[in-house]
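The structure appears right after this line, and notes come after that.
Source: prediction; values computed, not measured. Every number for a ligand or one of its atoms is a count from 1 in the order of the listing.
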Amino acid sequence: HKHILGTEYLSSEDIQLILDTADSFKEINSREIKKVPTLRGKTIINLFYEASTRTRISFEIAGKRLSADTVNISASASSVVKGETLEDTAKNLEAMAPDIIVMRHSASGAPHYLAERVGCSVINAGDGAHEHPSQALLDLLTIRQHKGTLKGLTVAIVGDISHSRVARSDLYAMKTMGMNVRLVGPGTMVPPGIERLGAEVYTDMDQALRGADVVMMLRIQLERQGKPLIPSVREYARFYGLNPSRLALAAKDAIVMHPGPMNRGVEISSYVADGPQNVILEQVENGVAVRMALLYLVAGGEHPQ
Ligand code: CP
């Protein structure tokens with residue numbers, strides 16, 4: 001079975017195929033009747049052990065648009081609260097013969113663990129601080145749509161890099177596609193040694209933004225921080241918040257991205273979040289097409305002509 005566990009494992013040809021397939025599915029999403037029979041008879045389980053708005057709903061919509069039967073379980077409404085282990089949950093889901101399990105979990109590596117134990121495809125919808133591959137792919141689709149290409153572009157990813165599975169998946173995928181990646185944040189939020197993965201590391205946001213084609217803002221993951229928070233939220237907003245004057249340092253046609261959920265007034269001001277350079281809701285729109293592409297390809301689909 002094919003799995004999508006991380007962008008670390010995807011070649012540039014794989015990424016190209018996923019983006020091209022997503023492009024061809026975008027047309028379906030603009031139709032009045034947004035449904036094709038492609039995955040009729042397939043069963044998809046969305047297994048979410050952590051909160052989600054965008055990822056869970058867009059995987060569900062993506063499955064439904066391709067006519068798959070999609071079912072959702074969140075850990076809080078499942079027998080996980082009664083102490084069932086991931087291994088037992090996996091065996092029980094397996095007994096219901098799904099074709100694809102989409103999983104989000106707070107533990108890094110949980111989807112890999114699941115993939116070894118079930119006889120169907122597994123798609124990682126975010127595992128701890130490790131990877132969030134479908135997010136990185138929708139980010140690339142959005143960038144390609146605006147810039148026409150990926151190779152040679154410079155991206156500044158700003159924020160809590162240490163806890164960000166989005167940053168890690170983006171970094172792998174962007175390096176694979178020949179992009180320059182600048183990671184920016186306070187020393188307390190950038191993991192030591194990350195430059196070994198090909199990133200340039202900055203603590204000065206103004207320097208990092210200079211000439212960037214893409215500015216990607218991340219939220220501080222308050223639920224994963226130690227106490228006290230260093231820097232404080234107020235200091236963070238002052239040194240790493242994106243406002244119009246900071247954005248002016250980037251390329252004139254730079255686009256502003258955010259995976260969501262946003263903390264307005266902390267990492268991004270509303271002037272920028274709602275301003276003319278933001279493509280944040282286009283990312284969400286592209287998320288449906290990318291997830292349709294992933295479900296289709298994992299289920300054995302060929303490149304649509
Ligand atoms: N970007 C993202 O993963 O959002 P959710 O946590 O709402 O799915």
Side-chain angles (χ1 to χ4, degrees), residues 4-8 18-19 22 44-65 70-77 100-111 122-143 145 155 157-174 183 185 214-225 242 255-264 266-268 272-273 278-295:
I4 302 284
L5 299 176
T7 54
E8 182 183 357
I18 294 165
L19 300 187
I44 301 170
I45 297 177
N46 289 324
L47 176 60
F48 277 63
Y49 285 81
E50 273 194 328
S52 170
T53 297
R54 283 145 287 264
T55 311
R56 197 180 112 166
I57 294 176
S58 61
F59 265 115
E60 184 177 359
I61 290 175
K64 289 194 153 92
R65 293 221 171 133
T70 59
V71 284
N72 298 316
I73 1 171
S74 54
S76 59
I100 302 172
I101 299 177
V102 178
M103 184 200 216
R104 171 170 288 191
H105 201 284
S106 59
S108 298
V122 174
I123 300 180
N124 180 2
D127 63 326
H130 180 221
E131 281 232 35
H132 189 353
S134 62
Q135 177 70 44
L137 292 160
L138 73 88
D139 289 340
L140 290 186
L141 185 65
T142 309
I143 296 169
Q145 207 167 285
V155 185
I157 303 178
V158 187
D160 182 3
I161 309 295
S162 295
H163 293 103
S164 180
R165 52 197 178 205
V166 175
R168 237 165 298 278
S169 281
D170 268 318
L171 174 59
Y172 286 127
M174 288 170 175
L183 298 178
V214 178
V215 181
M216 183 178 296
M217 303 307 299
L218 305 172
R219 78 187 171 94
I220 310 181
Q221 302 200 12
L222 291 169
E223 74 277 24
R224 300 188 214 265
Q225 300 288 340
L242 186 63
I255 55 172
V256 174
M257 307 180 76
H258 195 306
M262 287 191 274
N263 290 315
R264 286 171 183 263
V266 181
E267 74 271 12
I268 191 164
V272 177
N278 104 78
V279 298
I280 296 166
L281 294 179
E282 286 174 51
Q283 290 173 265
V284 178
E285 186 184 335
N286 284 330
V288 176
V290 158
R291 289 168 179 131
M292 286 166 82
L294 291 176
L295 296 173

* Does the T7 side chain pair with the main chain of S169, one donor and one acceptor, at a distance under 3.5 Å? -> yes
Charged N-O contact under 4.0 Å between E60 and K64: yes
Exercise. Look only at interatomic distance and state if S52 has a nitrogen or oxygen under 3.5 Å from any nitrogen or oxygen of ligand 1.
Key: yes
the protein heavy atom lying closest to atom 4 (O) of ligand 1 turns out to be R54 NE, 3.0 Å
Smallest heavy-atom separation, T55 atom then A125 atom, equals CG2-CB, 3.8 Å
>> P261 versus ligand 1: do any nitrogen or oxygen atoms come within less than 3.5 Å of each other?
In response: no
Tell me whether ligand 1 is touched by H132 - counting only heavy atoms on the residue side and a distance under 4.0 Å. yes
Here's one to test your reading of the geometry: is the NZ or CZ of R104 within 45 degrees of the ring axis of F48 and under 6.0 Å from its centre?
no
>> Taking Y172's backbone N and O only, do any of them form a donor-acceptor pair with E8's side chain (distance below 3.5 Å, no angle check)?
In response: no
Rounded to the nearest 0.5 angstrom, the NE2-CG distance for H132 and D127 is 10.0 Å
The closest protein heavy-atom partner of atom 2 (C) of ligand 1 is T55 OG1, 3.5 Å
Closest to atom 7 (O) of ligand 1 among protein heavy atoms sits T53 N, 2.7 Å
### Query
Taking the non-hydrogen atoms of G260, is any one of them nearer than 4.0 angstrom to ligand 1?
yes
For Q135, the atoms of ligand 1 under 4.0 Å from one of its heavy atoms are 1 (N), 2 (C)
Among non-hydrogen protein atoms, atom 6 (O) of ligand 1 lies closest to R104 NH1, 2.9 Å
Query raised in the report: Distance-only, no hydrogens or angles: does the N263 side chain make a donor-acceptor pair with backbone N or O of R219 under 3.5 Å?
Result: no
